[in-house]
Structures are given as structure tokens and as C-alpha cells.
J.: 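One structure, pasted below without further comment.
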Amino acid sequence: MVEHASVIRNDFLRHDMQFPHVWCPGCGLGIVLGSLIRATAKLEIPKDDMVLASGIGCTGRMPAYVDFNTLHTTHGRALTFSTGIKLAKPELTVMTIMGDGDATAIGGNHFIHAARRNLNITAIIVNNQTYGMTGGQYSPTTPYGSKATTAMYGHIEHAFSIAELAVTAGASFVGRGTVHHVTQLDDLIGKGIRKRGFSVIEIISNCHTNYGKMNNLADPVAYQMWMKEHAVSVKKAAKMSVEELEDKFTIGILADIDKPSYIEEYQKIRDKAAGAGS
Amino acid sequence: MESSSEKFLLQGNEAIVEGALAAGCCFFAGYPITPSSEIAELMSMRLPKQNGTFIQMEDEIASIGAIIGASLAGAKVLTATSGPGFSLMQENLGYACMTEVPLVIVNVMRGGPSTGLPTSPAQADVMQTRWGTHGDHPIIVLSVSSVADSYEIAVHAFNMAEKYRVPVVLLSDEIVGHTREAITLPPGKPMEVVNRIKPSVPPEWYVPYENNSRGVPPMADIGSGYRHHVTGLMHNAKGFPTSDPQEVDTFHRRMQRKLDNGAMEIQMSRGFMLDDAEVAVIAYGAVTRSALRAVKMAREQGIKAGLLQLITLFPVPRAALDSVLRQCRAVLVAEMNMGQYVREVRAVNVSSNVKQLNRFDGHLIKPDEIFGKLMIL
């Protein structure tokens, strides 16, 4: 079964070429990678038809480890490359994996427009609330009042809620999970891939090495316990007051709507153009 | 266009579209900008008719990102822009150089810097085409001077991008882009269309960045069974990140070698009245038109003048330049900037007598101005 670690290792990882990986011990990215592989394996999509593209940062290193068609692009731009690939070969399953800074700071414009455009791409955003690879500077999701190497006096900006941003921008499917709630995460990623249209899975993860050490979460286990205590299911949150939800975030499916995907719409354009003569 | 040849009255921008389609372009991503927008508009009409794809992206960064993705998936791709957009493209242009992705970028030049003179011509992006993106990198830069050129050189641009796995910048300018001239399409003599070489080995033997004799590794489309990794990090022959000094050195030398090997066909120029020339004008783009007229005026006055039109700006066509510099007692480099390409000309032969004529006020250099300079060379 795909749940078995050796199957993941032998069938899906470039274990003979690319390991050891660059991530810190205890990093949530390994959990994300495992979840991503289990979700895709369960759908039985041939590896030749899988594309995994990334931008820059710790998360950006993930594609090199997986035996798909993989692409490590420029900072924030992964979705634009994925757009070109999907349009040129719609039969491929295109996934884009980004960090919070990658997707919502430098790549924020590409992110909202990809959601609006509704091309059939699955965007996975690993949100660890910081720029991990460069040492812990504040990102668009760093909480107000917390510390970063560029905010040692306390952070004065307010954080994006990535999943809510994706809903507003028009994504067809939006889910949020954490690296603590792994079974749910496998399910969300699988649903995202199956969805026709643009899907977004925000994953709350831990950078105990950089964000954590400045914010009393230096231990990865303690960090995961923080996720467990602060995550509330979408269903439960609907019955809670604003005050009760103040320091919480929701997990589950935030949006699942049906509208024509870009590929279907563009085929209509082709049909119209072909009928219009020269 | 229909199968039998017909005469059309086209803009340079429209002729670029026709050339690109003739070369097999099937994917365009772009963002509106004067004076290039007609290229995007025409592509949005033409591509869906032939099962191709047009998309207007959110900016120029996204436009070049999308064409790189589509090219990696096997498509022949184009984007078109002008100075401000070309500046935004530099980051991903470097990625395309690093990962050897065939693509063509049209830059219809306007006055700069910054927003500059949006509706006036200039040739001031020349050095940016060569060195705009950071790091040592290979690139091919071609220039067009007429509507006929815009078609023909667009085909060459795609052929070179495919053959050498390198981005090609096609430089036009506001004058050439918007001038309407008669053109016969398809041209009387059919043009060769080159496609990238794909791997012929089984996937398990495929080495995506192999150091072969040509310096150009076969390129597998994403989704064709040759699963591999593409990264903007320095990479080894297998495509995975490396900082090994030997592998880094090999990479840079191969990048250089692949264009050196093709120098004879890449470095294009045209000579006019050069056989017995004692003085010559060196020009490219719209200025070529004024220069040709000026040379004819000089000939009428008994001056043995000639013209060297550069089609390829980079890699510098050294052989053609050197020959003119050795033959003539003086040459005049005329360009619509404060003196960019003249530096390359001087570097070809430092002992030659190279004068310059520049105009950077948003107007074309006139034949009279070049003629006046020729008379006192």
C-alpha cells in the first residue's frame, strides 16, 4: 500500500540521487511531501502525467525530491510557469507548491490572478509564517506582535489569511489543513487535485528553527501542539462567536464551487474562432 | 494567409505575427504595452483559429513565465513587449537562459528610461538585451528594419531558439512596428522551419543537460515520459543542483560553446555597396533605412560609401564587422541612443577609425544627417 514508507521511498522519491534533503529535523515540509505523495498515489495518476512546480525557499526545494516532471522556478512565479504548462498540455495534472512568502508576497499578484482565471491547477501553500530559508524575516503571514529577524521589536503588520484570500479571489476549491492533522491533509490534497478548476490548499506548518525560536515555539512537537490547540474545524467554527475564534484558525473545506474551467472556456473560443473564417 | 502568394499591406508588428505563425508558434502570452500591443491583439485572433493558445497575463513577469512553461511542455512560444515590460522580464529571461528554454521575445523599442516616450522610437535597449539579466549567459539578439524583415527575421528567431535552446530577443522599434509596407506572403522562396531535437534514447538513459559536442542537449517535452528536473539553480548534466566547481565551469563553457559553434549562421548581416567602399555606415533597425538613402546620396557625389546592416546584434557579428573596419578608412555607427552598439564595433578592431552619430530625442535619424557626416568622414 502507498501508506507504507518504503513504497513512498522507492516509487516516488529520487532517493538514490537527491538525499539527504535540505530541511531541518522536525520540519513540517517532510509531512507535506508524504501527504502529497499519498494523495497522488491514491488517485493512481501515472508519474509521467504529474507535474510539480515550485518557486523559491525551503518549500521550493520539494520538487527535486519527487520522481514527477518537476520544475523549480523563480521566486513567486511558479504559478505562471504552471499556467503555461497546463495550457500547452491540459492532459497533465499540474500541482504548484509554494511557501507563504513565495505565494503571497512576491507572487501575490500571480496567486490572485490564477485563482480568478480558474485554470485547473492545484496550488499548495505551505504557511510557516516566516521566510525560513533566509533566516526568519517577517512574511505576509507573520502574526501581529510576533518577532522576526526583521521585526525584533515586534511585528506591526497584519497577516493575510491565505485560504480566505483564495476564496475571495475566486478559487473553485479552497481547503486549509495543518501538518498535525495529516489524514485530513491527505484528503484535502486529493480533493484539490480532483477538482476541475483552480484549487488551493493552505497548510499550516512549522518553522521551529527560525520563527519558533523567536516566538516560544522552538520545539517542533510543541509547535504541533500549538496547531492542535488553535485549529477549529469549519463546521465547529460556524457555531462559535467572534471572541471565541479570535486566536483560532479554521481547517477543512472553505469553498467548493462549480464553474467552467479556463481550458473548457478556451476551447469555446477556439470553436468560435474556427467558425469565424479568415 | 492562404496557400497561394498574395500581396498584403502590413505593419511591422503584424508581419512579426505572420512570421511567428509560419515558424510554428502556437502559444503566446503577453501584457498590453505601446508600441507592441498589435502583436498581442493579432495573436489573440489568429492562434485559436489554428488550435493554438493566446493568454493575456497579469503582467510581463507572468507572461514570460507562462511561455517558459509552455515551451517546456513542447510548444513554440512568443511574447511581445516594449522597454518597461522588457525590464520586468529580465528575471525569468535569466531562468530561460539557465534552463535552456527556446523562446522568442519581441521588444518593440520606445524611448526610455522608465515610462519615457511611449509612442516614439528609440534603440536604447540594445545593451539591456545583452546584459539585462544577471549573470553570464548566452543569448541571441536580432533586429529588424522593415516589414519584410519583420516576417523573415521572426522565422529565423524561432529557428535559432529551437536549434540552440536559447532565448532570442527580436528587436523592433516604434517606426518599424507601425510602418505599413507591401509584403508578399507566403514569400516566394519558402523558409526552412527548424524544430528542437528531442531525445532518441529510452527515458532511463536520458541526460537532460548532457555535455555533447554541439553543446545543445536534446530537449524532452514535459509529459513525454522523460521525467526530469528543471531548476534555475546551477545544475549538473542530470539537471540537479550543484556547486561543484568542475560542473559549474563545464556548464558555463558549454553555454558559450553552443553559440560559438553556430556563429556562421547566427551572426547575420547585409552589405550594401561595400565592394569598393572607402567609408561605411554601420546601422541596424529603422536607422538602416535612412543609412541606405544617405549612402546612395553620397555615391551620387562620387564618395565610395557603403552600408553594413546588422541583423544579429549579439553574438556580435565580428567577422562581418572586422572586414568592413579593415577595408574602410572610416566607419560611422548611427543609432538612436547615446552610443551603445558603437562600443561593440570599436572593440572588434581597436585601431580602426570609428565615428558615431546619435539621436535620442524620439525621432529617427534622417538621411541628410547621415549624409552630412559621411561627407566629412
Side-chain angles (χ1 to χ4, degrees), chain A residues 14 17-18 22 46-51 53-54 56 60-61 63-94 107 109-110 112-114 116-117 119 262 266-278, chain B residues 1-2 26-27 29 44-77 91-96 98-99 101 103 203 220-233 235-236 238-241:
Chain A
R14 288 167 172 155
M17 311 189 248
Q18 286 301 299
V22 298
K47 288 189 285 184
D48 281 341
D49 296 343
M50 287 293 309
V51 179
S54 71
I56 296 296
R61 293 302 186 102
Y65 305 133
V66 197
D67 188 23
F68 295 152
N69 300 286
T70 56
L71 202 59
H72 178 210
T73 75
T74 45
H75 199 13
R77 322 295 177 209
L79 279 169
T80 72
F81 289 69
S82 296
T83 299
I85 295 169
K86 185 68 186 177
L87 286 170
K89 283 203 170 165
E91 67 274 21
L92 298 177
T93 298
V94 180
N109 200 33
H110 308 309
I112 56 174
H113 286 278
R116 176 182 67 80
R117 201 171 278 133
L119 201 59
Y262 191 93
Y266 198 76
Q267 192 51 50
K268 290 181 203 163
I269 295 287
R270 285 184 181 140
D271 296 343
K272 259 188 212 170
S278 60
Chain B
M1 299 294 138
E2 310 307 321
C26 61
F27 189 95
S44 78
M45 296 289 289
R46 297 292 298 279
L47 279 170
K49 274 185 202 293
Q50 42 200 77
N51 217 27
T53 305
F54 165 91
I55 186 167
Q56 184 172 312
M57 296 297 286
E58 55 272 17
D59 57 30
E60 289 88 347
I61 301 170
S63 302
I64 180 168
I67 66 167
I68 294 171
S71 183
L72 284 166
K76 284 192 181 180
V77 299
E91 174 196 41
N92 280 340
L93 178 56
Y95 185 89
M98 184 62 147
T99 54
V101 174
L103 57 85
D221 300 351
I222 287 179
S224 64
Y226 293 79
R227 295 190 305 277
H228 64 283
H229 187 56
V230 180
T231 177
L233 282 169
H235 43 269
N236 56 24
K238 287 181 173 170
F240 292 112

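Reminder, nothing fancy here: chain letters follow the sequence lines and each chain counts from 1. The figures here come from the full heavy-atom set of this structure, side chains too, leaving out hydrogens, waters and symmetry mates.
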J.: Side chains of Thr74(A) and Met98(B), heavy atoms from C-beta outward: is any pair under 4.5 Å?
T.: no
J.: What are the two closest heavy atoms between Pro241(B) and Gln18(A), and how far apart are they?
T.: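 Taking every non-hydrogen atom into account, CD-OE1, 4.1 Å.
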J.: Is Lys238(B) atom NZ crowded by more than 12 heavy atoms from other residues, nucleotides or ligands, each under 6.0 Å away?
T.: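 Not more than 12 within 6.0 Å, no.
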J.: Taking atom NE2 of His228(B) and atom CG of Leu71(A), what is their separation to the nearest 0.5 Å?
T.: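 It comes to 8.5 Å.
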J.: Using a cut-off of under 4.5 Å for heavy-atom pairs, which of Ile68(B), Asp221(B), Ile61(B), Val77(B) has the most such pairs with chain A?
T.: Ile61(B)
J.: Identify the heavy atoms of Gly84(A) and Phe27(B) that sit nearest to each other, and give their distance.
T.: CA-CZ, 4.0 Å
J.: Per the side chain to side chain donor-acceptor pair (under 3.5 Å) rule, what does the pair list look like for residues 54-67 of chain B, sequence neighbours excluded?
T.: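 For residues 54-67 of chain B, and leaving out neighbouring residues, the side chain to side chain donor-acceptor pair (under 3.5 Å) pairs sorted by first residue read His110(A)-Glu58(B), Arg117(A)-Glu58(B).
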J.: Is the His229(B) ring parallel, tilted or perpendicular to the His72(A) ring (thresholds 30°, 60°)?
T.: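 Geometry flag for His72(A) against His229(B): parallel rings.
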J.: Taking side chain as everything from C-beta outward and backbone as N, CA, C, O, which of these in Ile222(B) sits under 4.5 Å from a heavy atom of chain A? Side chain, backbone, both or neither.
T.: both
J.: Please rank Val94(A), Val66(A), Val51(A), Thr73(A) by heavy-atom pairs under 4.5 Å with chain B and give me the top one.
T.: Thr73(A)
J.: Please classify the contact between Phe68(A) and chain B as side chain, backbone, both or neither, with a heavy-atom cut-off of under 4.5 Å.
T.: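 The answer is the backbone of Phe68(A).
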J.: Quick one: pull up CZ in Arg270(A) and NZ in Lys49(B) and give me the separation to the nearest 0.5 Å.
T.: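 So the gap between those two atoms works out to 14.0 Å.
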J.: Excluding sequence neighbours, so at least two apart, what forms ring pair (Phe, Tyr, Trp, His ring centres under 6.0 Å) with Tyr226(B)?
T.: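 Ring pair (Phe, Tyr, Trp, His ring centres under 6.0 Å) check on Tyr226(B) returns Tyr206(B).
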J.: For Ala62(B), which atoms come within 4.5 Å of any heavy atom of chain A: side chain, backbone, both, or neither?
T.: both
J.: Heavy-atom distance under 4.5 Å to chain B: side chain of Met17(A), backbone, both or neither?
T.: side chain
J.: Distance from Tyr266(A) atom OH to Leu47(B) atom CG, nearest 0.5 Å?
T.: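 If we round to the nearest 0.5 Å, Tyr266(A):OH and Leu47(B):CG are 6.0 Å apart.
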J.: Please tell me if the side chains of Thr83(A) and Met57(B) come closer than 4.5 Å, counting only heavy atoms from C-beta onward.
T.: yes
J.: Could you look at Ile55(B) and say if it's the side chain, the backbone, both or neither that has a heavy atom under 4.5 Å from chain A?
T.: both
J.: Grab the two heavy atoms, one from Lys89(A) and one from Ser224(B), that are nearest each other, plus how far apart they are.
T.: NZ-N, 4.2 Å
J.: Measure distances from Lys86(A) to the heavy atoms of chain B and classify the residue's part below 4.5 Å as side chain, backbone, both or neither.
T.: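 Contact with chain B is absent: no heavy atom of Lys86(A) under 4.5 Å.
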J.: Between Asn92(B) and Phe81(A), is any pair of side-chain heavy atoms under 4.5 Å apart?
T.: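 Result yes, sub-4.5 Å side-chain heavy-atom pair found.
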J.: Are Arg77(A) and Tyr95(B) close enough that some pair of their side-chain heavy atoms sits under 4.5 Å apart?
T.: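 Contact flag for Arg77(A)/Tyr95(B) side chains = no.
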J.: With chain B as the partner, which of Asp67(A), Leu79(A), Asp49(A) has the greatest number of non-hydrogen pairs under 4.5 Å?
T.: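 It is Asp67(A).
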J.: Of the backbone (N, CA, C, O) and the side chain (C-beta and beyond), which part of Leu92(A) lies under 4.5 Å from a heavy atom of chain B, both, or neither?
T.: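 The side chain, not the backbone.
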